[in-house]
Amino acid sequence: MTSKTTQATKSQQIELASRPNGVPTVSNFKTNTVELAEIKNGEILVRNRWMSVDPYMRGRMKEGDSYVPAFEIGEPLEGGCIGEVVESRHDKFNKGDFVLGNLGWREYWKSTGTGVVVVDPDLAPVQTYLGALGMTGMTAWVGLNKIAELKSGSTVFVSAASGAVGSIVCQLAKAKGCRVIGSAGRPEKIKWLKDKVGIDAVINYKQTDDLAGELAKHAPDGIDVYFDNVGSEHLEAAIEVMKDFGCCVECGMISTYNTTEPPAAPRNLFKLIAKRIRMQGFIVRDHMRDRNDFVQEMASLIKADKVIWEETVAEGLDHAAEAFIGLFEGDNLGKQLVRLN
Ligand SMILES: NC(=O)c1ccc[n+]([C@@H]2O[C@H](COP(=O)([O-])OP(=O)(O)OC[C@H]3O[C@@H](n4cnc5c(N)ncnc54)[C@H](OP(=O)(O)O)[C@@H]3O)[C@@H](O)[C@H]2O)c1
């Protein structure tokens, strides 16, 4: 803790300018500069070094109900970020600490420390706490362990397999002795999944009009678990190829986030009954009490070189909106981040 105080801090932030209709465009975002008054006793001033862009933010750009409150027009966006404490008048934080917070999309933020976690830069580069050691890694871990209750020897199908969540799902399932089939939409992603991540088979879903047929070729006896990041045709194909008593882990449905009409697929939901399939959605936030278990397990996998990851990095706040929009074009391999140095 320091008692030093500074003058007001100028901070650039990205605000929601308008609500998108369909795929977001950069015109839905606006840059503004605000002044933060100097911190008081019990507060910290944090300079963001990294911020996360995530598909769920698209839901927050809509008006109305989602599982997180909507962003307001004219207000800054929010999201996971890693910042450096540049000033502290709080006895639990020191100048120079790296902290995980939820006030991304801006240069600086002030906090009383509630919900702010100091991260250990010796374990992994600090931005890893937005990816493999953070929300997306934990989503993979919760989905497989708590929702699917994954058993070794299972056959697992993962959509958006080269993304932040999907790539960790693939590796946790492989570490448990499962056969893993992934799907992705670009040749370089397919190559990375095969050569570096080492999963058993990968489907380029953009190069087939028979996803169920392709999946069945790689899983002739059927799949036990589908980890759904995409929804629609992927979900339909997974149900088609699922074994009796299999499980669909509903993590996300990115293929539907920008649609203006209800999705046509899945058209085979009756098979949930015929095959006695369990389908369960989840939100990682509900499992935060397990965060320490997750960090411990992931940290030991990282130390043992049993988990790898990729990052796609956009440079500067000015490119944050493009980085976010790119998620829906498949521009990212692994975790999409924005560096704010
Ligand atoms: N339930 C939870 O608590 C929770 C938490 C975090 C994330 N999620 C969900 O998990 C999913 C993955 O999130 P992430 O952060 O790991 O993102 P990500 O997979 O790193 O990035 C998104 C990827 O989705 C694929 N994609 C985009 N549009 C698509 C479409 N129309 N059809 C098929 N694939 C499409 C793209 O890869 P391709 O090139 O392969 O198309 C893109 O790179 C999302 O649905 C997200 O909402 C849920």
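Side-chain atoms of N204 come within 3.5 Å of backbone N or O of K206 as a donor-acceptor pair.
Using a 4.0 Å cut-off between charged side-chain N and carboxylate O, K275 and D244 make no salt bridge. Between E240 and K271 there is a salt bridge, with a side-chain nitrogen of the basic residue lying less than 4.0 Å from a carboxylate oxygen of the acidic one. Between E315 and R339 a salt bridge is recorded (basic side-chain N to carboxylate O distance below 4.0 Å). Between K95 and E87 no salt bridge is recorded (no basic side-chain N to carboxylate O distance below 4.0 Å).
V338 approaches A323 most closely through the heavy-atom pair CG2-CB, 4.1 Å. The shortest heavy-atom contact between A17 and K30 is CB-CB, 3.9 Å. Between M279 and L272, the shortest heavy-atom contact is SD-CD1, 4.1 Å. Closest of all the heavy-atom pairs between A184 and K189 is CB-CB, 4.0 Å. Annotation for P121 and V126: closest pair CB-CG1, 3.8 Å, computed over non-hydrogen atoms. Considering every non-hydrogen atom in both N28 and S18, the closest pair reads ND2-OG, 2.9 Å.
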request  = Might you work through the side-chain hydrogen bond (donor to acceptor under 3.5 Å, both in side chains) test for N268 and E236, ending with a clear yes or no?
outcome  = CA-CA 6 Å; N268 56 353; E236 184 171 295; 5.4 Å; no

For R186 and D331, run side chain to side chain contact (heavy atoms under 4.5 Å, CB included): C-alpha distance rounded to whole Å, both residues' side-chain angles, the deciding distance at 0.1 Å, then the answer.
CA-CA 9 Å; R186 291 194 185 184; D331 288 348; 2.7 Å; yes

Review point. What do the steps show when you test I277 against F245 for side chain to side chain contact (heavy atoms under 4.5 Å, CB included), and what is the final call?
Key: CA-CA 5 Å; I277 290 169; F245 302 102; over 6 Å; no

Audit row: N21, T260, side chain to side chain contact (heavy atoms under 4.5 Å, CB included) steps and yes/no
CA-CA 7 Å; N21 180 27; T260 49; 3.4 Å; yes

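To the nearest 0.5 angstrom, M135 atom CE is 11.0 Å from F294 atom CZ. To the nearest 0.5 Å, atoms CD (E107) and CG (L36) are separated by 9.5 Å. Rounding to the nearest 0.5 angstrom, the gap separating the NZ atom in K146 from the CD atom in Q280 is 12.5 Å. Rounding to the nearest 0.5 angstrom, the gap separating the NZ atom in K196 from the CD1 atom in I308 is 7.5 Å. From M298, atom CE reaches atom OG1 of T128 across 11.0 Å, with rounding to the nearest 0.5 Å. With rounding to the nearest 0.5 Å, the separation of CD in E84 from CZ in R49 is 4.5 Å.
Put simply, the side chain of S183 does not reach to within 4.5 Å of the side chain of V202, judged on heavy atoms. Taking the side chain as every heavy atom from C-beta outward, D54 and K335 approach each other to under 4.5 Å. Looking only at side-chain heavy atoms (C-beta outward), V99 and V119 stay at 4.5 Å or farther from each other. Contact of the C81 side chain with the N48 side chain is registered, since non-hydrogen atoms from C-beta on lie closer than 4.5 Å. With contacts defined as side-chain heavy-atom distances shorter than 4.5 Å, the pair M51/W105 qualifies. Residues R58 and N258 meet the side-chain proximity criterion, which asks for heavy atoms closer than 4.5 Å. The shortest distance between side-chain heavy atoms of F29 and S27 does not fall below 4.5 Å. Side-chain contact between D120 and F98 is absent, with no heavy atoms from C-beta onward closer than 4.5 Å.
Proximity of the aromatic rings of W50 and Y129 is defined here by a centroid distance below 6.0 angstrom, and this criterion is not met.
For E214, the salt bridge (charged side-chain N to carboxylate O under 4.0 Å, His left out) partners two or more places apart in sequence, or in a different chain, are K217.
Shown here is K10, whose NZ atom has no more than 12 heavy atoms of other residues, nucleotides or ligands within 6.0 Å. Around CG of D195, the count of heavy atoms belonging to other residues, nucleotides or ligands within 6.0 Å exceeds 12.
Residue pairs meeting the ring pair (Phe, Tyr, Trp, His ring centres under 6.0 Å) criterion with at least one partner in residues 184-231, sequence neighbours excluded, are F157-Y226, Y205-H234. Within the structure, the side chain to side chain donor-acceptor pair (under 3.5 Å) test picks out the following pairs touching residues 160-182 (sequence neighbours left out): K174-D200.
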